[in-house]
Amino acid sequence: MSRHGRVLVAMSGGVDSSAAAVMLHEQGYEVVGVTMKTWDYESSLGGSGAPRGGTKKVSGCCSLDDMNDARAVAVNLGATHLVVDLRAEFGTAVTDRFVSDYLSGRTPNPCVLCNTHVKWGALVRRADALGCDFIATGHYARLEHGARVGVMRGLDRAKDQSYVLWGVAQANLARTLLPLGGHTKPEIRALAEAAGLAVARKKDSYEICFVPDDDYRGYLRRRVPGLDARVDGGPFVHAITGETLGRHRGAPFYTVGQRRGLGLSGPEPLYVTGIEAETNTVRVGPRTALAAQSLTADGVVWGKAAGFDGEARVWAQVRAHGPAEPALAWQTGPDTLEAVFEAPRQAVAPGQAVVLYDETETVLAGGWIATAGAATPPEADPDFLALPTL
């Protein structure tokens, strides 16, 4: 009988999830390891098993080697290890949305979608079936328990993953353990080495798992036959002057903030400032044209906050690895909000997430950026403009 209960640990085969399993085992939990098969390696690469051209190094997660690594760690702990097939759920919630977002001019965030709609739900269902009290992952984040469960930043700010966890439901967070949140990455690698894990020096994966060659354009082409013919030749339009500057390869192949690969020349560097899928138009302009000071968000999930009563002073983050900046936010509906930043932000992209934190670096809410625009901060607390950056 375990001292603390039975925990289902999501094990990808990487050092972080492996270390999480070891830590919980050492703390007295009965560990059950589960590896989630969310995508098919060969189909993601067009059935070839290698990227087109065969020269780019392919990496990712959840390959057969990763599954074997996870199983080896579990066996060494004396733990049960299972593989569950979530490809159908993942396709509906993540890869289909990934494709539709790009086709509609939005910049998707598949990690948030996966955590929100696939991983946690799947883990809780399997935990119930296996008699597990808790679920656990190797994310670098912490949990604050109170009237509601708040996701806090991980101690290692360089690895913090609270931004991608804002969509996890309260009921699921209440059963979640995040053992890595109070540690740094070097500490976790040292722990893995001390435990004799073969994955202790395994490299981290930064690519989108189902696009292991890091070529999302190629992935779109494989998923949407004839896409090039449908979208090639739309106009590049200057965001300020309205002048047509040239023709592009297709609006789905560009993202807000992109500078390289445009094939345009001018007196100053040009960036993608907006994408209009309906007309296959890509708007470009100088860096100053990327600035936005306000945004609206939908699909909001409330974290530590159950909602906002009037204006709330927050720190808002609009990219996974970007800073959180002072802002005012207010609720506009059950799952919608608006926010105004102290100062303009660059490349606020529809389709990405905005995550709002309080002064304790705990997630108040998160949602999908719907629109971004210029604005002047409303009359508010005189300290608003003096807020420090977290």
Side-chain angles (χ1 to χ4, degrees), residues 10 12 14 16-17 20 61 93-94 97-98 101 106-120 137-144 148-170 172-173 176 178 180-185 188 204-209 255-257 292 295-305 312 314-327 329 335 337 339 341 345-370 372 388-390:
S12 67
D16 293 331
S17 60
C61 67
V94 181
R97 169 75 175 267
F98 181 85
D101 272 357
R106 294 162 63 90
T107 304
N109 194 314
C111 290
V112 173
L113 288 169
C114 183
N115 291 327
T116 301
H117 300 294
V118 181
K119 283 186 178 177
W120 258 257
T137 75
H139 285 88
Y140 286 84
R142 296 171 289 172
L143 295 176
E144 177 186 73
R148 293 174 63 84
V149 184
V151 177
M152 302 179 66
R153 290 194 187 278
L155 180 69
D156 188 336
R157 288 296 298 272
K159 300 298 295 183
D160 170 53
Q161 293 172 294
S162 59
Y163 176 89
V164 299
L165 300 181
W166 60 265
V168 179
Q170 284 287 302
N172 292 343
L173 287 175
T176 298
L178 300 175
L180 271 58
H183 299 272
T184 65
K185 183 72 177 199
I188 293 303
D204 292 336
S205 173
Y206 295 101
E207 292 80 13
I208 300 169
C209 69
T255 57
V256 172
L295 61 82
T296 64
D298 53 27
V300 171
V301 174
W302 301 98
K304 180 180 178 181
V314 301
W315 284 262
Q317 184 172 333
V318 296
R319 289 187 294 278
H321 302 292
E325 299 286 358
D335 65 348
L337 60 79
F341 292 95
R345 298 296 307 276
Q346 297 292 317
V348 179
Q352 287 287 292
V354 57
V355 181
L356 309 181
Y357 296 84
D358 68 8
E359 67 280 357
T360 68
E361 301 192 275
T362 304
V363 174
L364 297 171
W368 300 108
I369 298 172
T389 299
L390 288 182

Answer yes or no: is there a side-chain heavy-atom contact under 4.5 Å between [X] and [Y]?
X    : Y    : result
D101 : T107 : no
F341 : P326 : no
L113 : T116 : no
D335 : D298 : no
R157 : E361 : yes
T184 : Y140 : no
L143 : V151 : yes
R345 : V318 : yes

For this session: Could you walk me through whether E359 and W315 pass side chain to side chain contact (heavy atoms under 4.5 Å, CB included), step by step?
Result: CA-CA 8 Å; E359 67 280 357; W315 284 262; 4.0 Å; yes

Within this structure, what is the [atom1]-[atom2] distance for the pair [X] and [Y], rounded to the nearest 0.5 Å?
X    : Y    : atom1 : atom2 : result
I208 : C114 : CD1   : SG    : 12.0 Å
Y357 : T362 : OH    : OG1   : 9.5 Å
Q161 : N115 : CD    : CG    : 8.5 Å
D358 : M152 : CG    : CE    : 8.0 Å
T176 : H139 : OG1   : NE2   : 10.5 Å
I188 : L180 : CD1   : CG    : 3.5 Å

Testing the basics here: between [X] and [Y], what is the closest heavy-atom pair and its distance to 0.1 Å?
X    : Y    : value
A365 : V300 : CB-CG1, 4.1 Å
T137 : A10  : CG2-CB, 4.3 Å
H117 : A93  : CB-CB, 3.7 Å
G182 : L155 : O-CD2, 3.1 Å
A347 : G257 : CB-CA, 4.1 Å
V354 : A297 : CG1-CB, 3.7 Å

Problem set entry | Contacts of R142 that satisfy salt bridge (Lys or Arg N to Asp or Glu O under 4.0 Å) - sequence neighbours left out | none

Exercise. Are D16 and K159 close enough, and set up right, to give a salt bridge (charged side-chain N to carboxylate O under 4.0 Å, His left out), and what steps lead you there?
Worked result: CA-CA 11 Å; D16 293 331; K159 300 298 295 183; 5.3 Å; no

Backbone of [Y] reached by a side-chain donor or acceptor of [X] within 3.5 Å:
X    : Y    : answer
D156 : K185 : yes
S17  : S12  : yes
Q317 : A320 : yes
Q170 : V149 : yes
R319 : Q352 : no

Exercise. Between W166 and W368, does the ring centroid distance fall short of 6.0 Å?
Worked result: yes

Problem set entry | Worked check of side chain to side chain contact (heavy atoms under 4.5 Å, CB included) between K119 and V168 | CA-CA 9 Å; K119 283 186 178 177; V168 179; over 6 Å; no

Seminar exercise, completed: Residues passing the ring-ring contact (aromatic ring centres under 6.0 Å, His included) test with F98, sequence neighbours excluded, are Y102, F210, Y219

Problem set entry | Residues that D160 engages under side-chain hydrogen bond (donor to acceptor under 3.5 Å, both in side chains), provided they are two or more places apart | R153, S162

